[in-house]
Number of protein chains: 2
Amino acid sequence: MVMAIRGRPRGFDRDFALRKAMEVFWAKGYDGAQLTDLTAAIGIAPPSFYAAFGSKEAAFLDAVDLYIDRIASAPMRALEAAPTTREGVRAMLEGSVDIAVSNEPGGCLLILGVVNCLPTNRTARDRLLAARRETLKLIAARLRRGVRDGDLPRGTGSTRLAAFYHGVMQAISFQARDGATRKELTALVKPSLAPLDSLASPR
Amino acid sequence: MVMAIRGRPRGFDRDFALRKAMEVFWAKGYDGAQLTDLTAAIGIAPPSFYAAFGSKEAAFLDAVDLYIDRIASAPMRALEAAPTTREGVRAMLEGSVDIAVSNEPGGCLLILGVVNCLPTNRTARDRLLAARRETLKLIAARLRRGVRDGDLPRGTGSTRLAAFYHGVMQAISFQARDGATRKELTALVKPSLAPLDSLASPR
DNA sequence: GCATTTATATAAATGTCGATACAAAAATGA
DNA sequence: TCATTTTTGTATCGACATTTATATAAATGC
């Protein structure tokens, strides 16, 4: 027996709305994204927005989850899938470049979405901080695997080197936000790999 | 003959006020720094602030000039003063770490002061963007000098390598803002120097 | 002393933000 | 058809942001 839905049906698709909201947050950050921007991008009025998401903050949290699932996960999967550590790191960084130039203005939502720690942004900032810590953990785990695989010498400071590569991702985002081209961002990758070259230990 | 100053004298020191304003902008960014924060830190009421600076935007521009003169110039002088390129870059990066941990929360005003490009922040953002471009130019010039001095091989992409080291500074700022310790930030410097090692050409 | 000039304190004007009240609209179920 | 349920559109609320109007205070010049 089918329980039919009572009441007037929603006039828009919530998934579409969330995707649009994600794009606006990505482009303007949490503070910069005004409710006007969000509702205009989705094509709805404020009450529909609040009925669908609850609040701007809740919409942001949903948008971050969507961003991680649809956007940010690709470079981390590439990091994991590559046969060697060096190729994995390279693929991760190049994937970060792809993401950074795929929106206007450039950059990564997880890195640029909230930078200052006002009381208002606290929840949003903490969510992004947790996502960044997760990224860092994934990189460190891949580097440790590289040590096990013999890609990297024993005694490699995986945690510290992971922070370095996380830093390269942050630099890619910042410079993309400042208007850097894909070519300029890609040029950041090669010197970043030098630490892996100098550490390289032939098996 | 001395032209005495007519009218009630100002009850606070403008230089002190500008320094306090700089610290607030540094800690909270242009948007995040509210007039309440500024006037409370200085210890004056809004009309005194407007009489002294004209507007929040104008105060920010003055604060950025002060920041460049008193804070950000040190690492760039160290870059220039060092005898070798490698030592200059190392000194610049370590100076960036010093700056990044010298305020709470951490980071550099020129990098973190404005990240999103709202119409309201346009002027402030453009000022910081110009300052970052100037930083990039100074690094590139130092690297070109390194090529002339024989520190770096001919054909070194000075502009691209400068963008890389500017990126390391951005990473330092961002991770400092995320709460990284001095030790963690300093650990970013060593792997960053690897490109200069692998490029090193004995004279 | 008194007019003039400039700064301060209080209070408010003005605009914008996120969030809602309310009634009309659009669906179901009887 | 009509009661019920949920969404939509308009118009607005309350809070807070930057900025300013007004009156008072504190200095100089005559």
Side-chain angles (χ1 to χ4, degrees), chain A residues 1-18 20-21 24-25 28-63 113-114 116-125, chain B residues 1-18 20-21 24-25 28-63 113-114 116-125:
Chain A
M1 166 182 174
V2 179
M3 286 294 278
I5 300 164
R6 296 286 297 265
R8 177 173 174 174
R10 174 178 281 156
F12 61 97
D13 179 42
R14 192 186 184 277
D15 290 339
F16 169 84
L18 182 56
K20 285 295 179 189
V24 172
F25 283 128
K28 306 195 173 192
Y30 179 68
D31 300 294
Q34 303 175 0
L35 226 60
T36 304
D37 301 318
L38 294 164
T39 54
I42 300 171
I44 59 176
S48 299
F49 180 90
Y50 281 87
F53 298 109
S55 68
K56 177 181 166 180
E57 184 178 277
F60 181 78
L61 298 180
D62 278 2
V114 178
N116 44 2
C117 346
L118 306 175
T120 328
N121 323 68
R122 182 60 183 273
T123 303
R125 195 193 102 93
Chain B
M1 167 180 174
V2 180
M3 285 295 278
I5 301 164
R6 296 287 298 268
R8 176 173 174 174
R10 174 178 280 157
F12 62 97
D13 179 43
R14 193 187 184 277
D15 290 340
F16 169 84
L18 182 56
K20 285 295 179 189
V24 172
F25 282 128
K28 307 196 173 193
Y30 178 68
D31 301 294
Q34 303 177 358
L35 224 62
T36 303
D37 302 318
L38 294 164
T39 55
I42 300 171
I44 58 176
S48 298
F49 181 91
Y50 280 86
F53 299 109
S55 69
K56 177 180 167 180
E57 184 178 278
F60 182 77
L61 298 180
D62 278 2
V114 178
N116 45 2
C117 345
L118 307 174
T120 327
N121 320 51
R122 183 61 183 272
T123 302
R125 195 192 103 94

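Per chain, numbering begins at 1; letters A, B, ... match sequence-line order.
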Item to complete: State whether the number of non-hydrogen atoms from other residues, nucleotides or ligands found under 6.0 Å of A:Lys28 atom NZ is greater than 12.
Response: no
Response to the item:
note: B:Leu118, atom CG; C:dT16, atom P; distance rounded to Å ~ 14 Å
Item to complete: Starting from C1' on C:dA9, measure out to CG on B:Leu35 and report it in whole angstrom.
Response: 15 Å
Fill in: Whole-Å gap separating C1' (C:dT16) and CG (A:Asp37)
13 Å
Worksheet entry | A:Arg122, CZ atom: more than 12 neighbouring heavy atoms under 6.0 Å | no
Practice prompt. Could you go through the side-chain hydrogen bond (donor to acceptor under 3.5 Å, both in side chains) check for B:Asn121 and B:Asp31 one step at a time?
Written response: CA-CA 8 Å; B:Asn121 320 51; B:Asp31 301 294; 2.4 Å; yes
Discussion item. Rounded to whole Å, how long is the line connecting atom CD of B:Gln34 with atom P of C:dT16?
Written reply: 17 Å
Worksheet item: Okay, side chain of A:Lys20, backbone of A:Ala40: is any donor-acceptor separation there less than 3.5 Å?
Response: no
What are the atom names and distances for every N/O pair under 3.5 Å that joins the protein to nucleotides 11-14 of chain C?
none

Worksheet entry | Close side-chain approach of B:Tyr50 to B:Leu35, heavy-atom, < 4.5 Å | yes
Discussion item. So, under a plain 3.5 Å distance rule, would you say the side chain of B:Arg6 forms a donor-acceptor pair with the base of D:dA27?
Written reply: no
Worksheet, complete the sentence: Contacts of B:Ala33 and B:Arg8 projected onto DNA chain D by closest heavy atom; the upstream (5') one is B:Ala33
Item to complete: Evaluate the ring planes of B:Phe60 and B:Phe25, with Trp represented by its six-membered ring, and classify them as parallel (under 30°), tilted (30 to 60°) or perpendicular (over 60°).
Response: perpendicular
Discussion item. Which residues in residues 51-60 of chain B have a heavy atom closer than 4.0 Å to any atom of DNA chain D?
Written reply: B:Ser55, B:Lys56
Item to complete: Measure the distance from CD1 on A:Ile44 to P on D:dG9 and round it to the nearest whole Å.
Response: 9 Å
Item to complete: Would you verify whether the NZ or CZ of B:Lys56 falls within 45 degrees of the ring axis of B:Phe49 while also being under 6.0 Å from that six-membered ring's centre?
Response: no
Worksheet item: For the side chain of B:Ala45, counting heavy atoms from C-beta on, which of D:dA17, C:dA9, C:dA26 is nearest?
Response: C:dA9
Worksheet entry | Interatomic distance where CG belongs to A:Asp31 and P belongs to D:dC16 [whole Å] | 16 Å
Practice prompt. Specify the separation, in whole Å, of atom CZ of B:Phe49 and atom C1' of C:dT6.
Written response: 19 Å
Worksheet entry | Nearest heavy atoms of A:Val114 and A:Ala124, plus distance in Å | CG2-CB, 4.0 Å
Discussion item. What contact category does B:Phe12 fall into here, base, sugar-phosphate, or nothing, at under 4.0 angstrom with non-hydrogen atoms?
Written reply: sugar-phosphate
Worksheet item: When you measure from the side chain of B:Tyr50, which nucleotide among D:dT20, C:dT6, C:dT10 comes out closest?
Response: D:dT20
Worksheet item: For A:Ala59 and A:Leu18, which heavy atoms make the closest approach, and how far apart are they?
Response: O-CD1, 4.1 Å
Worksheet item: Has B:Ser48 got a side-chain N or O lying under 4.0 Å from the OP1 or OP2 atom of C:dT8?
Response: yes
